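Notes follow the structure.
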Amino acid sequence: MGDKTATEWWELLPAGVRQQVDGYVLQDARMQAIRVVLAAGRARGLGLVDAQCVVAERYDHHGDAIARTPDSPLDLESLAARAAGLPGRVVAVEAVWDGDTFHDWFVVLLAITADPDAEHPLATVYWGTAVRHLGETGNRGTRHPSATAADKAGRALADHLRVPFHFASPDTPDDEAPRWRP
């Protein structure tokens, strides 16, 4: 983290910026908070990793006061209700890998529709979402928990809808894996 700790970087930020960052943190808007820290500290040598560490420390500071973004529901009833409300006819359920610098790898469950042809996100399965869904001792073998939870929920929904389920790379995160084709 360079020559300064997250606390030292935090104290170098102007009071108004610190207030704005804490507002974003309390709303569980991590990326916006990181952007604000980076923009305000860049001229003093603060980099992206430093900004992420500052915001992580603010998350630790605020703890349970943060209005956490709710997990996507992965139960069959909720997924089926979301699929039933989509425009068009669901012709497949697909799980695809995605990732970013904050969440690392995660899986997005999609409903593929015809008339109109489109893909509709049904759930985003982050690591924490998966662990909470599967339970701390959820049997996932060597798979990423997001893959296990998405595979389980996606197959259940596809069976319920009587459509194919596609997950091209359940064992290895790959955001360029082949997509479902009718």
Side-chain angles (χ1 to χ4, degrees), residues 23-36 48 52 55-56 59 62-182:
Y24 281 132
V25 168
L26 289 167
Q27 295 173 29
D28 199 20
R30 188 178 300 256
M31 295 308 288
Q32 289 94 325
I34 290 170
R35 276 191 220 107
V36 169
L48 177 59
Q52 290 171 321
V55 171
Y59 266 77
H62 289 293
D64 291 339
I66 298 168
R68 301 283 179 179
T69 303
D71 290 340
S72 292
L74 296 178
D75 63 285
L76 178 58
E77 184 179 8
S78 296
L79 291 172
R82 292 189 76 176
L86 295 173
R89 176 178 47 88
V90 176
V91 295
V93 175
E94 184 174 29
V96 296
W97 285 103
D98 200 351
D100 60 37
T101 57
F102 173 66
H103 294 104
D104 197 24
W105 288 106
F106 54 91
V107 178
V108 179
L109 275 178
L110 301 168
I112 310 299
T113 60
D115 306 318
D117 293 344
E119 59 182 46
H120 305 273
L122 296 174
T124 303
V125 188
Y126 299 112
W127 182 289
T129 305
V131 169
R132 285 184 287 278
H133 179 73
L134 297 169
E136 290 295 332
T137 59
N139 183 12
R140 61 181 172 99
T142 59
R143 280 187 178 175
H144 190 291
S146 297
T148 302
D151 190 82
K152 181 180 175 184
R155 284 185 191 283
L157 178 61
D159 288 348
H160 175 77
L161 298 174
R162 294 186 171 95
V163 298
F165 174 70
H166 182 257
F167 193 176
S169 184
D171 296 319
T172 306
D174 182 357
D175 58 356
E176 294 182 11
R179 297 292 306 273
W180 183 81
R181 302 227 188 278

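The shown structure was predicted, so the numbers you read here are calculated from the model rather than taken from an experiment. Position 1 is the first residue of the sequence, and the numbers go up from there.
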- Query: Are the side chains of L122 and L86 in touch, meaning some heavy atoms are under 4.5 Å apart?
  - Reply: yes

- Item | From Q32 atom CD to Q27 atom CD, the distance as rounded to the nearest 0.5 Å | 8.0 Å

- Nearest heavy-atom pair of P145 and L134: which atoms, and what distance? O-CD1, 3.7 Å

- Message: So which atom in A177 and which in A168 form the shortest heavy-atom distance, rounded to 0.1 Å?
- Response: CB-CB, 3.7 Å

- Is the closest side-chain heavy-atom distance between R179 and L110 below 4.5 Å? yes

- Is any side-chain heavy atom of L109 less than 4.5 Å from a side-chain heavy atom of L157? no

- Query: Given side chains that start at C-beta, do those of D151 and R143 come closer than 4.5 Å, heavy atoms only?
  - Reply: yes

- Message: To check you understand the geometry: which heavy-atom pair defines the closest contact between L26 and A65, and what is its length?
- Response: CD2-O, 3.9 Å

- Query: Quick one: are W127 and D104 in side-chain contact, heavy atoms under 4.5 Å?
  - Reply: no

- Do NZ/NE/NH1/NH2 and the carboxylate oxygens of D159 and R155 come within less than 4.0 Å? no

- Task: Over all heavy atoms of both residues, which pair between A29 and Y59 is shortest? Give the atoms and the distance, please.
- Result: N-OH, 3.6 Å

- How many angstroms lie between atom NE2 of H133 and atom CG of L74, to the nearest 0.5 angstrom? 5.0 Å

- Between CD1 of I112 and CZ of R89, what distance do you get to the nearest 0.5 Å? 12.5 Å

- W105 to S146 - nearest heavy-atom pair and separation: O-OG, 4.3 Å

- Item | R181 atom CZ: more than 12 heavy-atom contacts under 6.0 Å | no

- Should I34 and R30 count as side-chain neighbours, where that means a heavy-atom distance under 4.5 Å? yes

- Message: Would you call the rings of F167 and W97 parallel, tilted or perpendicular, taking 30° and 60° as the class edges?
- Response: tilted

- Grab the two heavy atoms, one from V108 and one from P121, that are nearest each other, plus how far apart they are. CG1-CB, 4.3 Å

